[in-house]
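Below you'll find the structure, written out as structure tokens, and then a few comments.
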Number of protein chains: 2
Amino acid sequence: MQGRQVNQIIQALKDKGLRVTPQRFAVYANLLNRMDHPTAEDILSELNQNAPISSQATVYSSLQALADVGLVREVLLEAGVCRYDANMQPHHHFRCRCCGRIEDIAWDQIQGITLSGFRRGLQVEAYEVTVQGTCDCCQEAR
Amino acid sequence: MQGRQVNQIIQALKDKGLRVTPQRFAVYANLLNRMDHPTAEDILSELNQNAPISSQATVYSSLQALADVGLVREVLLEAGVCRYDANMQPHHHFRCRCCGRIEDIAWDQIQGITLSGFRRGLQVEAYEVTVQGTCDCCQEAR
DNA sequence: CTTTGTGCAAACGATTTGCAGGATG
DNA sequence: CATCCTGCAAATCGTTTGCACAAAG
């Protein structure tokens, strides 16, 4: 990790009014550097792979704090599984039904969605498309 | 509930190769007659409101059996909450951030989605739009 | 020095499981 | 009458909580 990135992370936490602790830093940095959408358990085990960095309870509370201030968001694609994503740009998700892999879909790769006036009375604040299918790897493997 | 509907439900279960038991029937009938998207607990308590109809374990296993054969589907809109829906027609969902109410959005009320070729390699099997916002009631209530 | 975060272990809520008896086809 | 389902209670899984101590600003 570059020094610049370290400072950016620290600044982002401070800007949101969160104290910078080694654990919170580690959770956020880990999430920023992953392209998969890990669960709390995934993050915990990766953090503590070599040296003990954080306890389970702290990973959960860090994730909640990060989500509360909008640095991180929950991704719900499977029953009973809560994943996290540090990419706060609006985007969509693809999930492979075969291997469970989750991939981001850039916002402008799905076009032409017309929501306005689809039901008078509902005030839309956000939306997202969830795509289910089969990824390249799983198609090859038959 | 009309006699015709009863027979339709029984036939649907048989067609899918499921045995018709009072509990399974009750779970599916309840889900078909509700417009909200209840959790397993919601269904359990409504079923047993007057007389004891089914145990907790049986509601869970009925829902799983129904989902496995495609008579019912899971709806995931909140972390840690698994809801069920007997409406198998493709449709979208709206969720009110204020009161948590979930409303179906008919498929053709959101138009112009272009998925084809958004990333070569991914084979699309299904997709759905999830809309978050504020419903009429909550806007009035300020 | 005040406030907030951490770690531990116990508590919790939702879902699953093992198993003996009962109902379905 | 073989198979599958139900109910009960115990087990499990992910997440949350209470509390004493430690660290951040």
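Naming: A, B, ... by sequence-line order, numbering from 1 per chain. Note that the structure is predicted; figures quoted are calculated from it, not measured. The figures that follow rest on heavy atoms only: side chains count, while hydrogens, waters and symmetry mates do not.
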Indicate every side-chain donor-acceptor pair of residues 42-49 of chain A with a distance under 3.5 Å to a residue at least two apart or in another chain.
| unit_1 | atom_1 | unit_2 | atom_2 | d |
| --- | --- | --- | --- | --- |
| A:D42 | OD1 | A:T39 | OG1 | 3.4 |
| A:D42 | OD2 | A:T39 | N | 2.9 |
| A:D42 | OD2 | A:T39 | OG1 | 3.2 |
| A:S45 | OG | A:E41 | O | 3.3 |
| A:S45 | OG | A:D42 | O | 3.2 |
| A:E46 | OE2 | A:N30 | ND2 | 3.0 |
| A:N48 | OD1 | A:I53 | N | 2.7 |
| A:N48 | OD1 | A:S54 | N | 3.1 |
| A:N48 | ND2 | A:S54 | O | 2.8 |

When you measure from the side chain of A:Q139 to the backbone N and O of B:G121, does any donor-acceptor pair fall under 3.5 Å?
yes
Residue pair B:A40/B:P22 against DNA chain C: nearer the 5' end by closest nucleotide is B:A40
Between A:T58 and C:dG7, does any side-chain N or O lie under 4.0 Å from OP1 or OP2?
yes
Nearest-Å distance for atom pair CZ/P, residues B:F25 and D:dC5:
17 Å
What's the CG-C1' distance between A:L44 and D:dG14, to the nearest Å?
12 Å
Measure the distance from CG on A:L76 to C1' on D:dG14 and round it to the nearest whole Å.
14 Å
Whole Å only: how far is the CG atom of B:L18 from the P atom of D:dT3?
18 Å
Would you say a side-chain N or O of A:Y60 is under 4.0 Å from OP1 or OP2 of D:dT16?
no
Point-to-point distance, once rounded to the nearest 0.5 Å, from SG of A:C138 to CZ of A:R101
8.0 Å
Write down the distance between CG (B:L63) and C1' (C:dT16), rounded to a whole number of angstrom.
13 Å
Regarding the side chain of A:T21, the nearest nucleotide among C:dT6, D:dA9, D:dT6 is C:dT6
Answer yes or no: does a side-chain N or O of B:S54 lie under 4.0 Å from OP1 or OP2 of D:dG7?
yes
Within this structure, what is the CD1-to-P distance between B:I43 and C:dA14, rounded to whole angstrom?
14 Å
Can you name the nearest heavy-atom pair linking A:R95 to A:G100, along with the distance?
NH2-CA, 4.0 Å
Given C:dT15, C:dG25, D:dT15, identify the nucleotide with an atom nearest to the side chain of A:Q56.
D:dT15
Nucleotide nearest A:R19 when distance is taken to its side chain, options D:dA24, D:dT6, C:dT17:
D:dA24
Taking atom P of C:dT24 as reference, at what distance in whole Å does atom CG of B:L13 sit?
13 Å
Whether A:Q64 contacts D:dT16 is assessed here as follows: a side-chain N or O lying under 4.0 Å from the phosphate OP1 or OP2. Is that the case?
yes
Toward the 5' end of DNA chain C, by each residue's nearest nucleotide, B:C82 or B:K14:
B:C82
What is the distance, to the nearest angstrom, from the CD atom on B:E41 to the P atom on C:dT16?
12 Å
Within the 4.0 Å heavy-atom criterion, would you say B:T39 contacts the bases, only the backbone, or no part of the nucleic acid?
nothing
Establish, with yes or no, whether the OP1 or OP2 oxygen of D:dG7 is under 4.0 angstrom from a side-chain nitrogen or oxygen of B:Q23.
yes
Ignoring hydrogens and geometry beyond distance, is a side-chain donor-acceptor pair present between A:D104 and A:H93 at under 3.5 Å?
yes
So which nucleotide from C:dT15, C:dG25, D:dG25 ends up closest to the side chain of B:V20?
C:dG25
